[in-house]
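Below you'll find the structure, written out as structure tokens, and then a few comments.
All of these numbers come straight from a predicted model, not from anything done at the bench. Every chain is numbered from 1, with letters handed out A, B, ... down the list of sequences.
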Number of protein chains: 2
Amino acid sequence: MRLRQLECFRALMLHGTMTRAAELLGMSQPGISTMIAGLEHETGLSLFLRRGGRLQPTPEAKLFYVEAARALEAVENASRVAAEIRSGRRGHLAIAAYPSISINLLPRLLSQFARNKPELQIKIITRNSATVRELIATQQFDLAVAELPLDYPTSHMEVFSYDCACMLPHGHPLAKLKQITPDDLDGVPFVTLFRGDPIYQQLASAFSEYGARWNVVAETEFFSTACQLVAEGRGVGIVDPVVSKPFTEGLAIRPFKPRIQYQVAILSPTHEAPSKMAQDFAKLLRRGLRA
Amino acid sequence: MRLRQLECFRALMLHGTMTRAAELLGMSQPGISTMIAGLEHETGLSLFLRRGGRLQPTPEAKLFYVEAARALEAVENASRVAAEIRSGRRGHLAIAAYPSISINLLPRLLSQFARNKPELQIKIITRNSATVRELIATQQFDLAVAELPLDYPTSHMEVFSYDCACMLPHGHPLAKLKQITPDDLDGVPFVTLFRGDPIYQQLASAFSEYGARWNVVAETEFFSTACQLVAEGRGVGIVDPVVSKPFTEGLAIRPFKPRIQYQVAILSPTHEAPSKMAQDFAKLLRRGLRA
DNA sequence: TGTCCATTATAGCAGATTCGTATAGTCGTC
DNA sequence: GACGACTATACGAATCTGCTATAATGGACA
């Protein structure tokens, strides 16, 4: 059964005469005639009665028409979907990310990205960075965003490094300084990430190097929580200047010395070629992490 | 987009290598290769990455595969439906009939007919004979069964005539006779069809011709009701010997003279060619009305 | 490193399919 | 009986299909 036969059959059923069907399909009447003859021969159905040089569809033709039309639509749909995929209007995007990114950065970027993409399916999974790393290894995600260091590095990894800054409640005396060092924070109540976090370790070294007393009054899991506590005056803290930016509204932000490095990476599956969709979104994500 | 391309694509997605896909499709590997190249060119999609002389489906290929497989299935389904139509396993049968036929004859015949026809759709509409005649004129039914005479005859009409017989309650004195005439029924309580019915008119003439008194004690719409009343001893009556046979269990049936004719017709739409399904069922129906 | 093996890609050719033009056949209408 | 509208058939050119032969690629392994 050939597609052209079905097309001719549909046009003929819809327009009654071969002459007219031929016009609409942009072909000659004998062309339609032979197509229909072929279809009748191959299906073994008498689709039209020839009465007085005219065609009359048989009941069998009407039954078959339903399926023929459905089949043609399915093929035409496949064709349309191909065009959608090619132009990037259709696809899916499965992203695994750790909470700060997932809550703050992704919704904004994705809603921007999804404009003009009516058939885009988005999936976001939020896990801590270690789990994100495992998920990307299972190849079930197109992209992942995790904090460094990872237990073992992935081959497709794009790293973004930030120098953390000191955050202070608005009107805090130290806000007058242009740059803040551990000496300035000697004994000052301090909000930090948990003990296991690289940030914690870097801070501990920094204070000990400067011989200053690090007065930790709170440990939190995320920067966002730390920001909240600082805003409420529990102490000062340290924060990355890009990803956590939305949480630092109304806080004073000052450069911190020595450098406390915070690293984030975009991860891609290794064994799988990235989809065009994923590549396009990765560009946007890169910009978002750079800004 | 050609069907063969989609078939090759599906086989390749399912079996990983062109060599294997070619085997399963019964064609050569270069054949698959050119088909896939054509599909990629026409859709504008890179469906496979050529890495190390091997193929790896791209994410786009996976997206497109869903639609391609769906389209192929729809076409294959159309093909299968054509075979079902041809072999008479698929079709529909819309029948309009008057009550006696619809209740008694049709269910038996249809259940027999529907065996081995998994995709047969049956529609029965039960109306009085006048309405049946109108329905068939609207061309919405494949077959109809109505009593004669009709207001105006249809061109496609097959008539079955029956000589009505006298029915008597079991053990009725007249049951000893081989044949019954109006003389035998002079003054005997009689159950008949309604005054408007041709049977009524024929009976009235018969009694008047024989100079016998016709003692009508009940008028009914259907033979079945009349049979019921006779069985309960309300009187004797008259019945057609074929269509109403199932209602005369336990009654004595004797030939009646003069002839009271009861006529039934199978009607077909005039402007529409009958479907093979309708023709096949008409054969069965003919046998049922003749027996 | 070189050979073997499995795979895909390309070229060239024969046959099938498609589709146009030309033309004949059929039927209803005027 | 001519005309008009339609369908069917014949035939040829262009295209498509799918084969064989062969090249190219890269991994495995000695």
- Item | Interatomic distance, B:I36 CD1 vs C:dT7 P [rounded to whole Å] | 16 Å

- Side-chain donor or acceptor of B:R127 paired with backbone N/O of B:A96 under 3.5 Å: no

- Nearest-angstrom distance from the residue atom NE2 of A:H41 to P of D:dT9: 13 Å

- Task: May I ask you to say what B:G26 touches in the nucleic acid, namely base, sugar-phosphate or nothing, with a heavy-atom cut-off under 4.0 Å?
- Result: sugar-phosphate

- Task: Indicate the ring-plane relationship of A:F9 and A:F48, choosing parallel, tilted or perpendicular according to the 30° and 60° boundaries.
- Result: perpendicular

- Task: Starting at atom CD of B:Q29, determine the distance to atom P of D:dA21, rounded to an integer number of angstrom.
- Result: 14 Å

- Query: When the distance from CZ of A:R54 to C1' of D:dC6 is rounded to whole Å, what number comes out?
  - Reply: 5 Å

- Side-chain (A:E60) to main-chain (B:K276) donor-acceptor, under 3.5 angstrom: yes

- Item | Proximity to the side chain of A:P30 - top-ranked nucleotide from C:dA22, C:dT10, D:dG18 | C:dA22

Please output the side-chain donor-acceptor pairs of residues 11-29 of chain A that fall under 3.5 Å, not counting sequence neighbours, one pair per line with the distance.
residue: A:H15; atom: ND1; partner: A:A11; partner atom: O; Å: 3.1
residue: A:T17; atom: OG1; partner: A:R20; partner atom: N; Å: 3.1
residue: A:S28; atom: OG; partner: A:G31; partner atom: N; Å: 3.3

- Task: Kindly point out which of D:dT7, D:dT17, C:dA9 is positioned nearest to the side chain of A:L55?
- Result: D:dT7

- A:E42 CD to C:dA16 P, straight-line distance once rounded to whole Å: 15 Å

- Message: When you compare the side chains of B:Y262 and B:Q202, does any donor N or O come within less than 3.5 Å of an acceptor on the partner?
- Response: no

- Message: Please confirm whether the shortest side-chain N or O distance from A:R2 to OP1 or OP2 of C:dT18 is below 4.0 Å.
- Response: yes

- Query: Can you check the B:I32 CD1 to D:dT17 C1' distance for me, whole Å?
  - Reply: 12 Å

- Starting from P on C:dT18, measure out to CG on A:L39 and report it in whole angstrom. 11 Å

- Task: Check each residue of residues 3-25 of chain B for a non-hydrogen atom within less than 4.0 Å of any atom in DNA chain D, then write out the ones that pass by number, or none.
- Result: B:R4

- Residue list, side chain to side chain donor-acceptor pair (under 3.5 Å) with A:K62, at least two apart or on another chain: B:E272

- Note on the structure: From CE of A:M27 across to P of C:dG20 the rounded distance in Å is 5 Å

- Query: Is it true that B:E76 and B:R10 make a salt bridge, defined as a side-chain N closer than 4.0 Å to a carboxylate O?
  - Reply: yes

